[in-house]
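First comes the structure, then the notes that go with it.
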Amino acid sequence: MNPAQIADAFTATFGHVPQGLWSAPGRVNLIGEHTDYNEGFVLPFAIDRTATVAIRLRDDSTARLLSSFGDQGVVTVDLDTLSHETMSGWTAYPLGVVWVLRQMGVTIGGFDMFLHSTVPSGAGLSSSAAIECAVATAFNELASAGLSANELVLVGQRAENEVVGAPTGILDQSASLLSTDGHAVFLDCRTQASQLVPLDLAAAGLLILVVDTKVTHAHATGGYAARRASCELGAEVLGVAALRDVTAADLGEAAGLLDPETFRRVRHIVTENQRVLDTVAVLDDAGPGSIGGLLTASHASMRDDFEISCPELDLAVDTALANDALGARMTGGGFGGSAIALIPATSEAALRTAVLAAFADAGFGTPDIFAVSPAPGARRIA
Ligand code: ADP
Ligand code: MG
């Protein structure tokens with residue numbers, strides 16, 4: 001749906017025209033996985049897939065919400081009796097943001113909202129943050145809240161943590177809110193300091209291909225919690241506030257203090273933080289054509305040390321590397337979701353064919369394969 005069609009759908013549903021349309025992108029994390037909750041570094045970029053909300057304020061306390069996704073119909077709630085029970089299903093994302101803003105003292109009354117998103121859901125591209133950031137950006141303007149982009153990041157994170165109940169960091173919302181076209185966001189998750197890093201893939205004749213394996217493992221949530229617990233244990237035994245404070249030079253000593261599994265978890269975080277720093281330096285010096293080895297090393301670390309990959313992700317990565325990719329890695333929380341491959345633009349068709357064939361040969365389900373490019377962050381579009 002284009003913006004005019006989204007506005008038309010809003011009008012057809014609610015019987016009046018929207019006051020505006022706000023969009024926020026999903027993201028790909030180029031490198032820096034599971035480093036966010038260890039107060040480390042990440043390097044995501046916003047992608048050209050967005051969640052768009054059309055909104056009109058009402059003069060009562062009723063909120064009506066409809067998404068073009070699925071067939072759930074219009075959800076109607078009274079904002080004055082908003083509770084964790086009434087913020088359920090997909091509406092937990094937009095209503096969670098409204099709830100957090102209201103908790104912060106921002107005056108938000110009733111509204112009608114139509115949501116249309118082109119970010120695939122559950123593919124590790126953060127369709128959830130795209131919704132939160134579009135809604136946060138919209139109400140920041142509609143309620144004249146005057147919150148900064150960094151404050152809106154925390155609003156989205158609180159909605160995700162406290163309302164949806166997902167214990168996520170600030171990576172997704174930062175990418176969605178802080179990105180600009182043709183750049184990645186280098187983010188220090190301890191200080192929330194960020195820096196835009198040029199990522200001009202097209203000029204280098206490159207693109208990033210996403211392979212959405214469509215695999216969602218039942219143990220993804222438990223695995224995530226277990227990895228967080230291992231990292232906390234590692235930090236405690238090593239006597240640091242967070243694994244961010246451990247460097248490669250400390251690893252030799254850490255090996256003697258930690259059980260072998262916790263040591264491998266810690267080694268992933270420590271080396272991954274360094275790879276993010278190295279990627280930023282290489283992008284600056286030599287450009288995106290030279291970061292492939294870092295991406296592939298990141299995948300090996302997630303597969304062997306952090307143990308969050310799966311056969312489908314490994315196959316996507318190995319097939320990409322055997323077919324001209326400069327580098328490839330799983331991206332997102334792991335145990336399924338998507339892999340990314342940095343490839344010459346001219347190799348796209350061949351790689352697509354190779355991945356589909358490899359998945360068919362292995363008896364895996366058909367993956368979704370699409371190119372993404374660095375795109376602008378959240379903004380008003382109409
Ligand atoms: P990810 O953020 O990686 O895509 P999440 O599990 O965090 O995965 O978020 C997916 C959830 O976001 C879906 O289960 C759904 O509740 C919500 N969602 C995503 N896209 C839409 C949409 N277009 N309309 C309504 N809800 C959506
Ligand atoms: Mg999400």
Side-chain angles (χ1 to χ4, degrees), residues 1 5-6 9-10 13 21-29 33-34 36-37 42 44 46-47 49-55 63-75 77 84 86-98 113-136 138 153 155-177 210-225 308 313 330-340 368 370 372 378:
M1 294 173 99
Q5 290 167 325
I6 292 170
F10 178 98
T13 305
L21 269 65
W22 291 262
S23 268
R27 59 100 188 99
V28 157
N29 193 22
E33 221 63 77
H34 286 255
D36 58 346
Y37 56 81
V42 294
I47 57 174
R49 301 255 184 156
T50 55
T52 300
V53 289
I55 299 177
R64 299 189 292 176
L65 304 98
L66 178 67
S67 168
S68 62
F69 161 97
D71 49 5
Q72 299 146 84
V74 176
V75 174
V77 296
H84 283 74
T86 50
M87 295 184 283
S88 61
W90 76 270
T91 63
Y93 298 95
L95 290 175
V97 167
V98 170
M113 174 187 295
F114 179 79
L115 163 69
H116 176 71
S117 178
T118 57
V119 187
S121 172
L125 303 180
S126 211
S127 66
S128 59
I131 298 170
E132 291 152 10
C133 295
V135 172
V153 166
V155 168
Q157 186 200 15
R158 273 190 66 190
E160 188 114 9
N161 291 171
E162 295 173 29
V163 180
V164 178
T168 52
I170 56 171
L171 190 171
D172 302 346
Q173 292 81 8
S174 298
S176 188
L177 285 156
V210 174
V211 179
D212 174 6
T213 65
K214 306 237 196 98
V215 174
T216 44
H217 280 299
H219 59 273
T221 316
Y224 183 88
I308 53 171
L313 287 167
M330 55 149 283
T331 184
F335 309 104
S338 298
I340 55 171
D368 227 353
F370 50 92
V372 290

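Counting starts at 1 for both ligands and their atoms, following the listed order. Just so you know, residue 1 is the first one in the sequence shown, and it goes up from there.
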N/O donor-acceptor pair under 3.5 Å between [X] side chain and [Y] backbone:
X      : Y      : result
Thr91  : Met87  : no
Arg158 : Val153 : no
Ser127 : Val119 : no

Solution key, residues 332-340 side-chain donor-acceptor pairs under 3.5 Å, sequence neighbours excluded:
from: Ser338; atom 1: OG; to: Ala123; atom 2: O; distance (Å): 2.6

- Ala24: partners by side-chain contact (heavy atoms from CB on, under 4.5 Å), with sequence neighbours left out: Cys133, Ala134, Ser176, Ala378

- Message: Would you call the rings of Tyr224 and His34 parallel, tilted or perpendicular, taking 30° and 60° as the class edges?
- Response: tilted

Please give the N or O to N or O pairs under 3.5 Å between ligand 1 and the protein, distances rounded to 0.1 Å.
from: ligand 1; atom 1: 2 (O); to: Ser127; atom 2: N; distance (Å): 3.1
from: ligand 1; atom 1: 2 (O); to: Ser128; atom 2: N; distance (Å): 3.1
from: ligand 1; atom 1: 2 (O); to: Ser128; atom 2: OG; distance (Å): 3.0
from: ligand 1; atom 1: 3 (O); to: Gly124; atom 2: N; distance (Å): 3.4
from: ligand 1; atom 1: 4 (O); to: Gly122; atom 2: N; distance (Å): 2.7
from: ligand 1; atom 1: 4 (O); to: Ser127; atom 2: N; distance (Å): 3.1
from: ligand 1; atom 1: 4 (O); to: Ser127; atom 2: OG; distance (Å): 2.6
from: ligand 1; atom 1: 7 (O); to: Ser128; atom 2: OG; distance (Å): 3.1
from: ligand 1; atom 1: 24 (N); to: Ser67; atom 2: OG; distance (Å): 2.6

- Item | Side chain proximity check, Gln5 to His116, heavy atoms < 4.5 angstrom | no

- Item | Close side-chain approach of Ser67 and Gln72, heavy atoms under 4.5 Å | no

- Message: Nearest 0.5 Å, please: how far is CG in Leu95 from NE2 in His84?
- Response: 11.5 Å

- Count, excluding waters, the protein N, O or S atoms that are closer to the Mg ion (ligand 2) than 2.8 Å. 1

